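Predicted model only: the values in this text are computed from it and were never measured.
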Amino acid sequence: MSSFFSTKNWNKFFLHLLFICSTFSIAGTDASIIILYLLTLIRWIWSRPFSQLENHFLWVILFFMAAAVFSGLLNAYETDHLMALRTNWRLLLPLLLADILSEVDEEQLLGIFFGFVMFIAIYGIIQYFTGADWFRPEGQQMTTHFLSGSAAENTVFHGKGNFTHHLTYGGFLLLCFPFFISLIFCKDWSPFVRLLTTIVSALVLVGIGASLGRSVWLGAAAAIAVLLFRLSPKLMLALSILVIAGGTYFFLQFSDPSFQTRTPTNRIEALQQRFISGFKLKSNQDRVLMWEAGIYAIQDHFWLGIGYGNDAKIMPYYRDIITDRTGHRFHNKASAGVHNIYLQTWINYGLFGFLGYLSILAIFLWQCIGSLSRTIPYSYENSILWAGVAGVCGFMVAGFFENNFRDGEVQVMLLILMGLNLRQIQKVKKRIFKP
């Protein structure tokens, strides 16, 4: 009976709950993380060593969290500075997962997780065609139209799963996608399991398309480029040259003021319009001018930023400068940020917060890449590490066009991916230093 109530069993239960809830419920996800935090603290008090205390990754996370708090304490604006932790309190999760995952069957856990991701991908695809929002009560549904048409059969919707925004859904799948693709080539898995993984990968890719998030599409392309490098650097280089040449051609064609796009009347044309709009300067003017307003704010608040949650109060001043000069009226409220996580982090937390954020990503990539050479090509550990590198690179590319790190569901998926990678790095180190 005592073994049933052991922290090991509770860790196992809430770890599975975390992976499952991450696909559809931020409340269940956060509850699982809080309990895993408490269980780890209890075990630490009982003199069980926490193996990640000497990990550089821990210290850059603490530096970033401290920079966020001190920005609110020291800048010139009144702010609830401790609430800056609200978007960052989960950041220690990868370090906990690196230890907790040693107590479970990783591949069994991933099998359960893959099933739920497949379900949420299919759900988003159904939403794209029907606008269904089955898991919210009537009157609270968040169906999001892409097209406004008179005929119901011409209506297109954003796929968003059970999340509140299509970019949150797309960002979540963006981090899952390289995960699945990398494991297709895992030699430690049977051909049947790899076939199932291929099917799920295809569904996730279609789900990414159904989100209609251009930043997510671009991030997925970057992740694919990284995984192509794993297969063949020459192939990746050749395809990259083709993509750059094609992108340049489309930009020159579609950015021409004389180029006109008709109002889409079906789902294929909606995808075409969404793709073409990425190359049209006029379609992206609002975002570019938000970045410009953000740069003005950084120039005035270079060291400390404006603090967490002050965008609605401070940023209208800088938007008005843009409006007075160009006559442009912004489509989004100032509280929505500047749709660039790098500028947004600097605006809110100053230079040191910005450097802390970059350091988290850089240290993670450095540790993963450094461990790859110590793994067997296309082994399970090697596949997870490549998935982490590709996923984070895709996430970073998408971050140029959205505040993806601030979405709780996307952040949790990023941290889960990081935790799985830290676990593989831990395995590699144990083999190297094993007496």
Exercise. Can you tell me if Asn421 and Gln367 form a side-chain donor-acceptor pair at under 3.5 Å?
Worked result: no
Exercise. Below 4.5 Å, heavy atoms only, C-beta onward: do Thr345 and Asn403 meet side chain to side chain?
Worked result: no
Seminar exercise, completed: Scanning both residues in full, the closest heavy-atom pair of Ile208 with Ala220 reads CD1-CB, 4.4 Å
Exercise. Would you say the side chains of Ser211 and Lys160 form a donor-acceptor pair under 3.5 Å?
Worked result: no
Problem set entry | Main-chain N/O of Thr197 paired with Ser201 side-chain donor or acceptor, under 3.5 Å | yes
For this session: Could you grab the distance from atom SG of Cys368 to atom CH2 of Trp386, nearest 0.5 Å is fine?
Result: 11.0 Å
Exercise. Is the Tyr318 ring parallel, tilted or perpendicular to the His301 ring (thresholds 30°, 60°)?
Worked result: perpendicular
Exercise. Distance only, no hydrogens: is a donor on one side chain within 3.5 Å (strictly under) of an acceptor on the other, for Ser182 and Arg230?
Worked result: yes
Exercise. To the nearest 0.5 Å, what is the distance between CG (Leu289) and CZ (Arg329)?
Worked result: 12.5 Å
Exercise. Can you check whether Ile181 reaches Thr198 side chain to side chain, under 4.5 Å on heavy atoms?
Worked result: no
Exercise. Leu237 and Phe229: side-chain contact (heavy atoms from CB on, under 4.5 Å), yes or no, with the steps?
Worked result: CA-CA 8 Å; Leu237 179 61; Phe229 183 84; over 6 Å; no
Problem set entry | salt_bridge(Glu402, Arg287) N-O dist < 4.0 Å | no
For this session: Could you please spell out the steps behind the side-chain contact (heavy atoms from CB on, under 4.5 Å) verdict for Leu97 and Leu420?
Result: CA-CA 7 Å; Leu97 292 181; Leu420 283 162; over 6 Å; no
Exercise. Say you draw a straight line from OG1 of Thr40 to OH of Tyr37; how long is it, rounded to the nearest 0.5 Å?
Worked result: 9.0 Å
Exercise. Are Glu103 and Lys12 ion-paired here, with the side-chain N under 4.0 Å from a carboxylate O?
Worked result: no
Seminar exercise, completed: The ring pair (Phe, Tyr, Trp, His ring centres under 6.0 Å) partner of His158 among His165, His145, His166 is His166
Exercise. Where do Cys393 and Val226 come nearest, in terms of heavy atoms and distance?
Worked result: CB-CG2, 4.0 Å
Problem set entry | Donor-acceptor contact below 3.5 Å, side chain Asp133 vs main chain Arg136 | no
For this session: First locate atom CE of Met290, then atom CZ of Arg319, and finally report the distance between them rounded to the nearest 0.5 Å.
Result: 6.0 Å
For this session: State yes or no: are the ring centers of Phe114 and Phe180 separated by less than 6.0 Å?
Result: yes
Exercise. Quick check, are the ring centers of Phe405 and Tyr357 under 6.0 angstrom apart?
Worked result: yes
Problem set entry | Phe19 ring center near Phe113 ring center (under 6.0 Å) | yes
Seminar exercise, completed: What one should report as the nearest heavy-atom pair of Leu18 and Val412 is CD1-CG1, 4.2 Å
For this session: Evaluate the side-chain proximity of Ile61 to Leu92: yes if any heavy-atom separation is below 4.5 Å, no if none is.
Result: yes
For this session: For the residue pair Tyr169 and Glu409, confirm or rule out a side-chain donor-acceptor distance under 3.5 Å.
Result: no
Exercise. Given side chains that start at C-beta, do those of Phe352 and Trp303 come closer than 4.5 Å, heavy atoms only?
Worked result: yes
Exercise. Centres of the Phe24 and Phe135 rings: under 6.0 Å?
Worked result: no
Problem set entry | Within the 6.0 Å centroid threshold, strictly below: Phe400 and Trp291 | no
Exercise. Is there a side-chain contact (heavy atoms from CB on, under 4.5 Å) between Asn348 and Phe354 once you walk through the steps?
Worked result: CA-CA 9 Å; Asn348 290 131; Phe354 170 71; over 6 Å; no
Exercise. Can we say Arg43 and Asp99 salt-bridge, meaning some charged N sits less than 4.0 Å from an Asp/Glu carboxylate O?
Worked result: no
Exercise. Under 6.0 Å between ring centres, would you say that holds for His328 and Phe330?
Worked result: yes
Exercise. Got Leu173 and Ile120 here, is their nearest side-chain heavy-atom distance under 4.5 Å?
Worked result: yes
Exercise. Any idea which heavy atoms bring Ser383 and Leu183 closest together, and the distance?
Worked result: CB-CD2, 3.7 Å
Exercise. How long is the gap from CD1 on Ile20 to CZ on Phe14, to the nearest 0.5 Å?
Worked result: 12.0 Å
For this session: Verify the distance criterion only: is there a donor paired with an acceptor across the side chains of Lys427 and Gln424 at less than 3.5 Å?
Result: yes
Exercise. Do the ring centers of Trp346 and Phe302 come within less than 6.0 Å of each other?
Worked result: yes
Exercise. Side chains of Arg90 and Gln411: donor-acceptor distance under 3.5 Å anywhere?
Worked result: yes
Exercise. Do you know the tightest heavy-atom contact between Gly394 and Ala222?
Worked result: CA-CB, 4.2 Å
Problem set entry | Test side-chain contact (heavy atoms from CB on, under 4.5 Å) applied to Asp188 and Tyr378, step by step | CA-CA 8 Å; Asp188 294 337; Tyr378 302 103; over 6 Å; no
For this session: Using a 4.5 Å cut-off on heavy atoms from C-beta on, say whether the side chain of Leu62 contacts that of Phe57.
Result: no
Exercise. side-chain contact (heavy atoms from CB on, under 4.5 Å) with Glu381: which of Ile376, Thr375, Ile425?
Worked result: Thr375
Exercise. Leu174 and Gly219: which non-hydrogen atoms are nearest, and at how many Å?
Worked result: CD1-C, 3.4 Å
Problem set entry | NE2-CG distance between His331 and Asp286, expressed to the nearest 0.5 angstrom | 4.5 Å
